[in-house]
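A, B, ... follow the sequence lines: proteins, then strands. Residue 1 opens every chain.
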2 protein chains.
Amino acid sequence: MSNSSALFRILADPTRRLILDLLAERGPLSVGQLASEFPDLVASGISKHLMSLRAGGVVSATRRGRQQIYQLEPDALAAGLTPWLAKYEQYWSAALGRLRDLAQEDGAADRLTSRKNVRRKRLK
Amino acid sequence: MSNSSALFRILADPTRRLILDLLAERGPLSVGQLASEFPDLVASGISKHLMSLRAGGVVSATRRGRQQIYQLEPDALAAGLTPWLAKYEQYWSAALGRLRDLAQEDGAADRLTSRKNVRRKRLK
DNA sequence: GTAATGTATTACCGTAGGGTAATATATCTG
DNA sequence: CAGATATATTACCCTACGGTAATACATTAC
């Protein structure tokens, strides 16, 4: 484990990244709730993506009745990426700092609300 | 361009990540110099990886005689990843901060020297 | 009980991508 | 000039992976 390739491969898929975004901004969600955000995909496809995400440790699931509630595991995400990020930290620390300043300048609450990406047709 | 999926896909391959590491720690290198670090891979394979990296904008090449000298393009790397990083910045800013403090505590010069994966050998 | 719902699993298809070998092209050397 | 060197390109194999449909399984509803 602690394999960078696996994590980058997980993040390489736009559907999985959007799933992470949804969990980050809305908190824990069921498979059906997540699937409803992807009108072009079949539910079992979302389930498969969730399996990948769970295998990678970046989400976890708890059963509630007949539905599975998935939630983000930010620590695993950070732990998986930070070693690689740290190697190149000098390169984007400046850019990240600028973004951070900009964000806390105007509101800071909606840094995670990139909702315009959520309902579109073709992912690319 | 500016496509997160493309960049994550590029980073998902361990050979390409190691190429980036080598360019980061040693500066510009020729294809042959890079290929000599991958005894299990054929040179044209490295060339193909370099094409991917160049298409993704994270490296650039300049011709010198009959060899191509590749160099890292850290700005493109940062520009491609920062938007996504910023969304989850709260999650690893702490971890990154700890690493940064640790690094500038002791020397700060060898943050990029994760040499354990790199087989240093005589280049001709 | 039976039926409906929510999710996971399986089987299968098509494409993308990493790997090699062979070939091509350009440049240097003798 | 011929031949060696450095890199790129092409053709091809094979595997991984995203997608679907069909099926299975558990849980709730009637």
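At C:dG19, one or more side-chain N or O atoms of B:His49 fall inside 4.0 Å of OP1 or OP2 (strictly under the cut-off). Side-chain nitrogen and oxygen atoms of A:Arg9 include none within less than 4.0 Å of the OP1 or OP2 phosphate oxygen of D:dA16. Using a 4.0 Å cut-off, some side-chain N or O of B:Ser47 falls inside it from OP1 or OP2 of D:dA8.
When rounded to the nearest whole Å, the span between CD of B:Gln33 and P of D:dT5 equals 17 Å. Separating the CG atom of A:Leu53 from the P atom of C:dT7 is a distance of 15 Å, rounded to the nearest angstrom. Rounded to a whole Å, the CD1 atom of B:Ile69 is 7 Å from the P atom of D:dT7. Distance, A:Leu34 CG to C:dG6 P: 14 Å, rounded to whole Å. Atom CZ in B:Phe8 sits roughly 18 Å away from atom C1' in D:dC17 (whole-Å rounding). One atom, CD1 of B:Ile46, and another, P of D:dT9, lie 16 Å apart when rounded to the nearest Å. Summarising the geometry, the separation between CD1 on A:Ile19 and P on D:dG18 is reported as 11 Å, rounded to the nearest angstrom. Rounded to whole Å, atom P of D:dA29 lies 11 Å from atom CD of A:Gln67.
Dense packing is recorded around CZ of B:Arg63, with more than 12 heavy atoms of other residues, nucleotides or ligands lying under 6.0 Å away.
Using a 3.5 Å distance cut-off with no hydrogens or angles, the side chains of A:Arg17 and B:Ser5 do pair a donor with an acceptor.
Place A:Arg64 and B:Ala61 on DNA chain D by their nearest nucleotides, and B:Ala61 ends up nearer the 5' end.
Listed candidates were D:dA4, C:dG19, D:dG18. Nearest to the side chain of B:Thr15 is C:dG19. If you check D:dG18, C:dT7, C:dA26 against the side chain of B:Arg63, the one that comes closest is C:dA26.
No N or O donor and acceptor, one from the side chain of B:Arg66 and one from the base of D:dT7, sit under 3.5 Å apart.
The heavy-atom pair separating A:Tyr88 from B:Leu20 by the smallest distance is OH-C, 3.0 Å.
Contact check for A:Glu73 versus A:Val58: no side-chain heavy atoms found under the 4.5 Å cut-off.
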Please assess A:Arg26 against A:Glu37 for the test salt bridge (charged side-chain N to carboxylate O under 4.0 Å, His left out), listing each intermediate value before the final yes or no. CA-CA 12 Å; A:Arg26 300 197 194 166; A:Glu37 296 290 332; 3.0 Å; yes
Taking it one step at a time, do B:Phe8 and A:Asp13 satisfy side chain to side chain contact (heavy atoms under 4.5 Å, CB included)? CA-CA 8 Å; B:Phe8 279 122; A:Asp13 186 86; over 6 Å; no
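Residue B:Arg16 is in sugar-phosphate contact alone, with no base atom involved, counting any heavy-atom pair closer than 4.0 Å across all strands shown. Counting non-hydrogen atoms under 4.0 angstrom, A:Tyr70 reaches the backbone sugars and phosphates but no base.
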Protein-nucleic acid N or O pairs under 3.5 Å, nucleotides 20-23 of chain C:
| from | atom 1 | to | atom 2 | distance (Å) |
| --- | --- | --- | --- | --- |
| C:dT20 | OP1 | B:Asp40 | O | 2.9 |
| C:dT20 | OP2 | B:Val42 | N | 3.0 |

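Atoms CZ and OG, from B:Arg66 and B:Ser30 in turn, are 11.5 Å apart once rounded to the nearest 0.5 Å.
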